[in-house]
Amino acid sequence: MQDSSNIIHTLSSETINQIAAGEVVQRPSSVVKELMENAIDAGADKIDVVIQDAGRTLVQVVDNGKGMSAQDSVKAFERHATSKINGASDLYALTTMGFRGEALASIAAVSRVELKTRREADELGSRVEINGGELASQEFISCASGTQILVKDLFYNIPVRRKFLKKNETELRNILNVFQQIALVYPSIRFTLSHNGTSLFSLEKENYRQRISSVCGSKTGKELLPINVDTVLARISGFVSTPESAVKKQPSQYFFVNGRYIQHPYFAKAVQLGYEKILPADVKPQFFIYFDVDPDKIDVNIHPTKTEVKFEDEQALFSIIVAAVKEALASSNAMPSLLFDQEDRIEIPVTPADFSTLKTPPVTHNSNYNPFSSTRPAHASGSSFAAPHKQSVEGWESLYDSVKCPPANDDPAPFEAVPDVAADLKPQFKGFVYGGKYIVCSSDAGVLFVNSYRASVRVAYDRFMAMLSSGSSSGQMLMFPEILELTPLENSVFAENRASFEAVGYSFEPFGPTAYQVVSVPSMVADSDAVAIIKENVKDSESKDVALELKERLVRSLAIKSAGRTSVESAEAAGRLTDELNRSSMPAFTPDGLPVFFTLSIDDIKKHIG
Ligand code: ADP
Ligand code: MG
């Protein structure tokens, strides 16, 4: 007897398939991803992707891979049909692209699919048509070896899903993202992508660096520093951008694990941290980082589309990434080698505890890198920060090397070095100022061009930083104290950071509930600027997401203001400035990451004039 109060019924297999399809096939880009991954798994070295109407009407993927037998070409569309796994344990091994055996079934459930495939050894290939999951036809045909799949009219049988698709530009952007994510992992595979008859990509077989150039632009490709670390947790390779090619908007930031693109905000932070102090917080480095990990050490099943992966020891990897990025920056000329002893560079720390010992060099004087010398000091096997003073004096000898080729007569006159107090200790500085702005001098590495303004910013920044950490402020009393008036909110930020202001030379007297008399200011900056700087910094802190500490920003703005007042016209001034720069912990860049100098090496010169 029929009991109308029974409400449970079994869903039809069509509905089940459509629900399952919803997980795999969310939008046209999911189809592109699944089909490209299948082609890669089939061993193809040429894959062509053809799109119409952002994938709504057609996604076609043609490969030259191993193809399928006639029987498999039908079986492939059955749910849980896969040639790639045998049991549940395989699910955890991320060695092939697909492992669920449901992509083709899901795609076929929500579109009209036409498949042509032939194995090389077979004389005839197979052509299969499936509409909304129902086999419509199968026949033998002659076709190229490999596989060709056309997915037409996506979601034709599920109007609701069709409605959820975004504008064509958005769907196409998603497709491009997926295509790029895959192309960046397989530089040895030729890929093409076309949309509505227009070719968007045509990628030849190339190496990683070239592929990054072809996909992300030649500018990005040119400015890459290699990363290479082998640890017990993972092998990490790839590239990070030079500080100069970091960008404010839409950086190319890619992580790949065992050949798949993943998102990993935590590791992205680690990379950013590697650029600490050489990039402002709002400028993002670009990176292409490839992990090779034992599949046991990752959990790929935390996200349905598998773009998130959980690593076994993420904290340790975090530290390894920071260290690897710093090393890449250091071992190129992009950044002075401060934190790493070149000789033991293989020993990247594997635990955060180890890493902490590398984090802050105990001295502010640079020991490992001398911009004015090509020869890095030989490293004692113990501390890499030993004997900074001696080495910086050695640096001088090269800086004061005479300019081998004096400037021509119509150049600005080379200034005569004016002996200073220490003149008897040092050879004469034989550089000159060019264009009122650049200090030109020679070094072992070649001819140096120093941007004097940027050098002043770097030097002033270091000085303020040293004051902050030593507490040895040098303030200048104001003849007419200025009044600093703050809003209650500003006042709370100010109160919290008052010690930092005082540490660089400010002092204050109370002047009402939220106002102060500024009695003294840092002696390196002008009075009027000084009060403005407090205001600026306190104000900026109101916006919640300021990543830089107030202290850091304060010192940056003080450095900029103070550098604005330094003029480098005389030999003395140039000498003093380069002297201080030479002792900086990071002479190559301003605190905002702008290059301070560049070297025209003897090789560069030879290239031009023999
Ligand atoms: P999975 O990739 O997870 O195995 P799919 O539904 O994507 O599941 O594919 C099912 C099977 O169809 C694959 O295991 C493979 O044997 C076969 N197949 C799919 N695409 C191709 C292709 N382009 N070339 C050769 N075989 C393919
Ligand atoms: Mg697959």
Side-chain angles (χ1 to χ4, degrees), residues 16-18 20-26 28-50 59-111 113-122 124-130 132-133 135 138 141 143-151 154 178-179 181-182 185-186 189-192 258-261 295 300-301 303-307:
I16 292 169
N17 277 346
Q18 288 185 355
E23 280 173 25
V24 182
V25 188
Q26 286 149 348
S29 61
S30 342
V31 176
V32 174
K33 175 167 186 276
E34 295 294 340
L35 297 185
M36 286 179 77
E37 289 183 345
N38 280 349
I40 289 164
D41 284 343
D45 70 358
K46 182 161 184 355
I47 299 172
D48 298 307
V49 182
V50 177
V59 172
Q60 179 183 12
V61 174
V62 183
D63 71 57
N64 66 351
K66 66 178 184 231
M68 284 175 261
S69 68
Q71 203 181 349
D72 281 353
S73 68
V74 177
K75 214 167 181 189
F77 291 95
E78 287 171 16
R79 188 152 299 281
H80 309 306
T82 175
S83 56
K84 297 166 194 171
I85 61 165
N86 291 312
S89 63
D90 290 353
L91 275 177
Y92 297 95
L94 192 73
T95 46
T96 63
M97 288 298 184
F99 54 72
R100 297 149 305 179
E102 54 188 357
L104 288 186
S106 301
I107 292 167
V110 295
S111 66
V113 173
E114 181 188 342
L115 166 82
K116 288 182 202 164
T117 186
R118 180 173 72 83
R119 295 179 299 188
E120 189 145 35
D122 296 340
L124 285 179
S126 165
R127 178 174 176 275
V128 177
E129 272 183 305
I130 296 182
L135 182 65
Q138 183 189 12
I141 53 156
C143 61
S145 75
T147 301
Q148 190 183 137
I149 299 195
L150 286 84
V151 175
L154 188 63
V178 160
F179 178 88
Q181 287 156 12
I182 295 177
V185 184
Y186 296 96
I189 299 180
R190 289 168 291 160
F191 290 98
T192 65
N258 296 353
R260 304 185 71 111
Y261 168 79
V300 294
N301 293 322
H303 194 274
T305 53
K306 291 181 292 166
T307 54

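For ligands, and for the atoms within them, numbers begin at 1 and follow the listed sequence.
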Pair Val49-Met36, side chain to side chain contact (heavy atoms under 4.5 Å, CB included): steps then yes or no: CA-CA 8 Å; Val49 182; Met36 286 179 77; 4.0 Å; yes

Proximal ligand 1 atoms for [X], defined as those under 4.0 Å from one of its heavy atoms:
{"X": "Met68", "result": "17 (C), 18 (N), 21 (C), 25 (C), 26 (N), 27 (C)"}
{"X": "Ala103", "result": "6 (O), 7 (O)"}
{"X": "Ala76", "result": "10 (C), 12 (O)"}
{"X": "Gly67", "result": "25 (C)"}

Side chain, backbone, both or neither: Thr147 near ligand 1, heavy atoms under 4.0 Å: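 Under 4.0 Å from ligand 1, Thr147 contributes side-chain atoms alone.
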
Ligand 1 contact on Asp63 by region, counting heavy-atom pairs under 4.0 Å: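 Side chain only.
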
Atom pair OG/CZ of Ser126 and Arg118 - distance to nearest 0.5 Å: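 Separation between the atoms: 12.0 Å.
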
Nearest-0.5 Å distance, CD1 of residue Ile189 to CD1 of residue Ile182: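 If we round to the nearest 0.5 Å, Ile189:CD1 and Ile182:CD1 are 9.5 Å apart.
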
Under 3.5 Å donor-acceptor, Asp63 side chain and Thr147 backbone: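 Side chain of Asp63 to backbone of Thr147: a pair is present.
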
Lys46 backbone acceptor or donor facing Asn64 side chain under 3.5 Å: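 A pair under 3.5 Å: yes.
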
Pair Gln148, Thr117: side-chain N/O donor-acceptor within cut-off below 3.5 Å: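 Note: Gln148 and Thr117 side chains miss the donor-acceptor criterion.
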
Min N/O separation Asn38 to ligand 1 under 3.5 Å: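 Yes, there is a polar N/O contact under 3.5 Å.
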
Heteroatom distance test (Leu104, ligand 1): nitrogen or oxygen, under 3.5 angstrom: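 By distance alone, the answer is yes.
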
